[in-house]
Every structure is written in structure tokens, then in C-alpha cells.
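Report on one structure; see the data block that follows.
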Amino acid sequence: MSPDVDLTALRTGARPLRDRLLALDSRLFAFAAARNWPAAEPVLPRLSRSANHGVLWFATAAAMAASRTPRSRRAAARGLASLTLASLTVNTLGKRSVRRTRPGLDPVPAARQLGRRPITTSFPSGHAASAAAFATGVALESPAWGAAVGPIAWSVALSRVYTGMHFPSDVVAGAALGAGAAFAVRGLVPTRAQVVPPARPRAEVPALPQGEGLVMVANTASGTADRVRALHDGLPMAEIVECEPTDVRAELEKAAARATVLGVCGGDGTVNAAAEIALRHGVPLAVLPGGTLNHFAYDLGVEGARDLTRAVRQGEAVRVDVGRYVSDGREGVFVNGCSLGVYPELVRERERWSGRIGGWPAGVLGALRVLRADRHPLEAEFGGRTRPLWLLFVGNGTYHRMGLAPGRRTDLADGRFDVRVVHGGRRPALRLLAAAVAGPLTRSPAHAAVQVGRLRLTGVAPGTLLAYDGEVTEVQGEVTLEKLPEALTVYRPLPGN
């Protein structure tokens with residue numbers, strides 16, 4: 001180092017800058033304390049207390065989830081995940097790194113003060129971090145909900161200075177940390193808006209401004225009433241047919257014979273039936289998500305009545321691949337996937353219990369019962385070898401994983417099957433769990449993933465179960481799975497229109 005460099009001067013030069021910033025912070029705090037805000041006095045202290053321990057944000061998330069739309073539920077979950085990360089960061093790193101005392105309360109009117117003060121240090125503001133994290137996380141998933149939550153988050157952050165709990169810089173730093181936490185969560189679990197399905201190949205379909213010519217068949221067992229009402233509000237000339245599960249196929253057949261566009265609202269099995277009938281009648285399909293999972297509609301980019309209404313009004317549609325299985329004279333189609341092994345058994349267990357305890361709990365119970373049962377792996381011959389398998393999953397299209405999020409399809413017309421295999425062996429539950437965690441990125445002695453255009457299995461034992469789009473059938477002998485490229489025309493909103 002040069003002898004001309006004066007380290008003492010450098011240190012003393014840094015101190016005045018820090019001192020000036022701290023002095024400015026104190027002046028801003030004193031200015032806020034001296035201001036008379038009659039409208040804020042009955043609101044901000046109560047709002048600040050309600051945000052203690054995240055109570056305000058948990059209540060807000062519950063209200064959002066109660067709206068029962070997929071986007072609002074995802075926004076609530078993302079907001080809470082962002083809040084959790086921000087709180088952990090503030091309490092483990094932030095407050096231990098900068099041990100700043102809280103401001104004195106002498107300038108703050110007694111009516112604003114919150115009573116007992118926290119024993120934690122002042123920098124950064126945990127309330128501001130939580131508020132910004134929750135609001136930013138919500139906005140990244142749903143801008144509309146973000147616009148509603150944002151003013152509340154801003155008011156909570158402001159209340160921390162107003163009540164004398166924090167200096168302004170504590171609040172600014174906390175808010176910046178909270179927003180950063182929300183973006184970090186998005187890096188781990190991307191939003192649906194980050195993965196927009198390609199608008200290809202586009203299909204020429206009629207635009208139905210009022211829904212004329214659309215016949216929508218709704219499975220009432222899927223709890224579709226609110227959704228079809230919302231669709232009818234946007235497309236008042238659409239014909240709505242609500243029916244029980246046993247009548248769905250018959251009503252779809254009748255609808256396809258008179259409809260310009262066949263519509264369907266229900267679970268995976270209902271959508272599967274509609275796709276098969278639309279293919280046979282040569283009519284385009286409009287899918288309104290109405291089941292528990294709704295993979296096909298969501299991967300298309302249709303999350304609710306608003307998305308489908310826009311697509312039908314403007315005549316926006318694409319062509320998608322359909323999978324077909326053939327075995328022992330039987331055949332069927334699938335738009336999501338099909339599988340052999342433990343999964344078909346899980347589907348049967350889920351159907352057995354779903355009417356009593358609901359879809360998701362029935363799925364969990366079914367998985368526990370299937371994995372705990374004493375059984376032998378399925379044996380099938382493919383690639384010239386007989387292999388024991390716990391699971392063979394064939395997805396209609398390639399599933400991609402971004403970060404920690406579950407895989408989803410970004411292209412429904414890629415001409416490929418996404419094949420996942422969990423090999424037979426000891427401890428099937430551990431093998432299945434390892435395959436689920438690893439996804440398509442790895443191969444191991446326990447599991448593998450490949451993409452193919454056609455698959456043929458032989459030596460399948462009689463009575464073997466095959467699940468396709470939530471339905472279950474029996475297969476035996478030879479099972480052939482093949483693609484029907486771009487066979488089905490489906491309405492969906494196109495990006496940028």
C-alpha cells in the first residue's frame with residue numbers, strides 16, 4: 001500500500017457519511033412524529049397490531065383462498081411462502097447483523113404508541129419485511145390481488161414509523177428485503193405466467209361473440225355450478241347442460257351432434273370423454289376446468305371462465321396431440337397421461353373414498369394404502385427385455401420442471417410421450433419418492449425418464465390395470481401407445497392478443 005494513503009482519514013471519512021445518514025433518519029422520524037394525521041390515528045395503530053406475528057397476512061390469505069379460483073389460491077400460497085422466507089431472513093440475519101436500538105418515544109403522541117415495545121433490535125423492520133414480501137408475492141402471481149393487498153401492506157409499513165416503532169430506514173430496508181424474498185421464492189417456484197404455452201399450431205375456429213353454437217356439458221358431481229354460471233354471464237347465448245356423472249357421456253354425444261363447439265366442465269374423466277367424442281364428431285373442444293387437478297386445461301392456459309370466454313369470443317384455438325392405447329381389442333384416448341403399476345390402484349382407492357372424505361384426502365389415503373400393501377411389481381417386456389416395474393407413466397407431451405415446482409407441459413403438440421419408469425425392487429415407496437423428487441433430470445438403478453413417439457409393451461399379465469386420465473381399465477398381452485399428432489382442436493386464449 002502506498003505510504004501516502006492515510007487509513008485514519010479513510011475511516012473518519014466514512015464515519016461522517018454514516019453519521020449524516022443517521023442524522024437524516026432521525027430528522028425524518030421527528031418530522032413524522034410531529035405531523036398531525038387525524039385520519040390515521042384510529043387506523044394505523046390498529047393495523048400495526050393486527051400484523052403482529054403475521055396474523056393480518058394469514059387472515060388475508062385465507063380470504064383469498066376462499067374465493068376458490070386457482071389463481072387466488074396460488075397467490076395466497078406464494079404470499080405466505082414469501083412472508084416465511086422474509087421473516088426467517090430478518091430474524092436470523094438482519095437483526096443480528098445490525099444491533100440498532102429503537103427510536104425514543106418522546107416525540108410520538110401517546111395516542112399513537114402501541115404500549116409494550118418488542119425486545120428485538122430496530123433494523124430492519126420485520127413488519128415491513130413481512131408486508132412487502134406478502135404483497136409482492138401475491139402480485140407476482142395475481143396482479144389484481146396485488147393491487148388490492150398493496151395499499152394495506154404500504155399502510156402497515158408506514159404504521160411502524162407512525163407509532164414510533166422504527167426509523168424510516170428500518171422500514172425501507174425491511175421492505176426491500178421482503179420484496180427480495182418474494183422474487184427469491186419465484187426463482188424457486190416460478191409463476192404460471194413465466195411459462196406461457198406456445199400459441200402453436202394455431203387452428204382456424206369460429207369466433208362466438210355471445211357463445212352462440214357452444215353447448216357446454218357440466219358434470220354436477222365436480223361442483224361446477226359457480227363456474228358455468230360465470231361462463232354463461234360472459235357467453236349468454238351458450239347452451240348449458242348440467243347432468244349427473246352417469247349421464248355425462250350420453251349428454252356429450254347429443255351435444256356434439258348439434259353443437260358448433262363442444263364444451264365440457266368437469267374432472268379428468270369427463271374431459272377425457274369429451275375429447276374422444278369431439279375427435280369422433282370432428283368438432284372443436286372448449287374445456288372449462290371443473291375438477292380437482294385440471295391438468296389439461298391449466299397446461300393450455302385456461303384457468304377459469306374468464307380465459308375460456310375470451311378465447312371463444314375471439315376465436316382463439318390451437319391443435320394438440322392426443323394419446324391412444326390399444327390392447328386386446330380395446331382402445332381409448334388420453335389427453336394427460338396413462339400409467340401401469342401402483343398408480344391405477346391408487347386411482348381406484350381414491351375413487352372409493354372421494355365421495356366420503358373429498359378428493360385430496362382420498363388421494364392421500366389411497367397412496368398410503370397402496371404403498372403399505374404387500375405386493376409384487378408389474379412385469380412387462382419392452383426394449384427386448386422383461387422388466388419388473390413399480391410404475392410406468394406415459395405423459396401426453398413432455399413435462400418440464402422449473403425450480404422446485406412440479407412438472408408441467410409447455411407444449412401440447414410436441415409429438416412426444418414423456419415416459420417415466422420406476423424399476424422393481426425393494427422398498428417401492430422410497431423408489432417412487434426418489435423418482436418424484438428427481439423428476440426427469442436424472443437416471444438411476446431405481447428410475448429413468450425418456451421421451452419417445454411410440455411405446456409397445458408385451459407380456460402384460462391378464463387383469464393388469466391401466467389408468468388413463470383418471471379412468472381405469474384392464475389390459476393384457478400387448479399394449480401399444482401411440483400419438484395422434486395435432487388431432488384435437490381446443491379453444492384457448494393466445495398470448496399477446
Under 3.5 Å donor-acceptor, [X] side chain and [Y] backbone:
| X | Y | result |
| --- | --- | --- |
| D247 | C243 | no |
| S72 | M64 | yes |
| T464 | V460 | no |
| N272 | V333 | yes |
| S130 | G54 | no |

Is [Y] close to [X] at the side-chain level, that is, under 4.5 Å between some pair of heavy atoms?
| X | Y | answer |
| --- | --- | --- |
| E253 | R280 | yes |
| K254 | V215 | no |
| L208 | R313 | no |
| V302 | P289 | yes |
| S339 | V394 | no |
| V419 | F393 | no |
| V326 | V479 | no |
| D469 | V335 | yes |

Given the rule in the side chain to side chain contact (heavy atoms under 4.5 Å, CB included) test, do V475 and L340 qualify, once you have shown the distances and angles that lead to the verdict?
CA-CA 10 Å; V475 293; L340 295 93; 4.1 Å; yes
Determine, step by step, whether L285 and V264 satisfy the side chain to side chain contact (heavy atoms under 4.5 Å, CB included) criterion, reporting the C-alpha distance in whole Å, the side-chain angles of both residues, the deciding distance to 0.1 Å, and the verdict.
CA-CA 8 Å; L285 184 65; V264 63; 4.1 Å; yes
Got a sec: does the NE2 of H281 have more than 12 other heavy atoms crowding it under 6.0 Å?
yes
Near R416 CZ, under 6.0 Å, is it more than 12 heavy atoms from other residues, nucleotides or ligands?
yes
Once rounded to the nearest 0.5 Å, what's the spacing between atom [atom1] of [X] and atom [atom2] of [Y]?
| X | Y | atom1 | atom2 | result |
| --- | --- | --- | --- | --- |
| R306 | D233 | CZ | CG | 12.5 Å |
| H295 | D268 | NE2 | CG | 6.5 Å |
| L466 | T473 | CG | OG1 | 7.0 Å |
| L83 | R78 | CG | CZ | 14.0 Å |
| K483 | D321 | NZ | CG | 4.0 Å |
| L455 | L392 | CG | CG | 6.0 Å |

Run the numbers on R420 and D418 for salt bridge (Lys or Arg N to Asp or Glu O under 4.0 Å), then give the verdict.
CA-CA 7 Å; R420 311 291 175 88; D418 195 343; 2.9 Å; yes
Please report the shortest heavy-atom distance between [X] and [Y], naming the atom on each side.
| X | Y | result |
| --- | --- | --- |
| L177 | A86 | CD2-O, 3.8 Å |
| A65 | R73 | O-CG, 3.9 Å |
| A259 | V283 | O-CG1, 4.0 Å |
| T489 | A317 | CG2-CB, 4.2 Å |
| W57 | L80 | O-CD2, 4.1 Å |
| A182 | A133 | CB-O, 3.8 Å |

Would you say the side-chain atoms of R160 and S48 include a donor-acceptor pair closer than 3.5 Å?
yes
Will you find, in the side chains of T398 and R409, an N or O donor that is under 3.5 Å from an N or O acceptor?
no
Salt bridge (Lys or Arg N to Asp or Glu O under 4.0 Å), that's the test. Do E316 and R310 meet it? Break it down for me.
CA-CA 8 Å; E316 299 175 343; R310 183 189 122 185; 3.5 Å; yes
Side chain to side chain contact (heavy atoms under 4.5 Å, CB included) between R324 and L481: does it pass, once the steps are laid out?
CA-CA 6 Å; R324 178 168 63 188; L481 303 170; over 6 Å; no
Tell me whether R492 is salt-bridged to E303, with the criterion being a basic N under 4.0 Å from an acidic carboxylate O.
no
salt_bridge(E141, R186) N-O dist < 4.0 Å
no
Quick one: do S327 and E478 satisfy side chain to side chain contact (heavy atoms under 4.5 Å, CB included)? Show the steps, please.
CA-CA 6 Å; S327 175; E478 182 176 302; over 6 Å; no
How about Y468 and Y325: are their ring centres within less than 6.0 Å of each other?
yes
Determine whether E276 and R249 satisfy the following criterion, salt bridge (Lys or Arg N to Asp or Glu O under 4.0 Å), listing intermediate values before the conclusion.
CA-CA 10 Å; E276 186 269 323; R249 179 167 285 276; 3.0 Å; yes
Stepwise side chain to side chain donor-acceptor pair (under 3.5 Å) check, R74 with S142
CA-CA 8 Å; R74 291 199 310 271; S142 171; over 6 Å; no
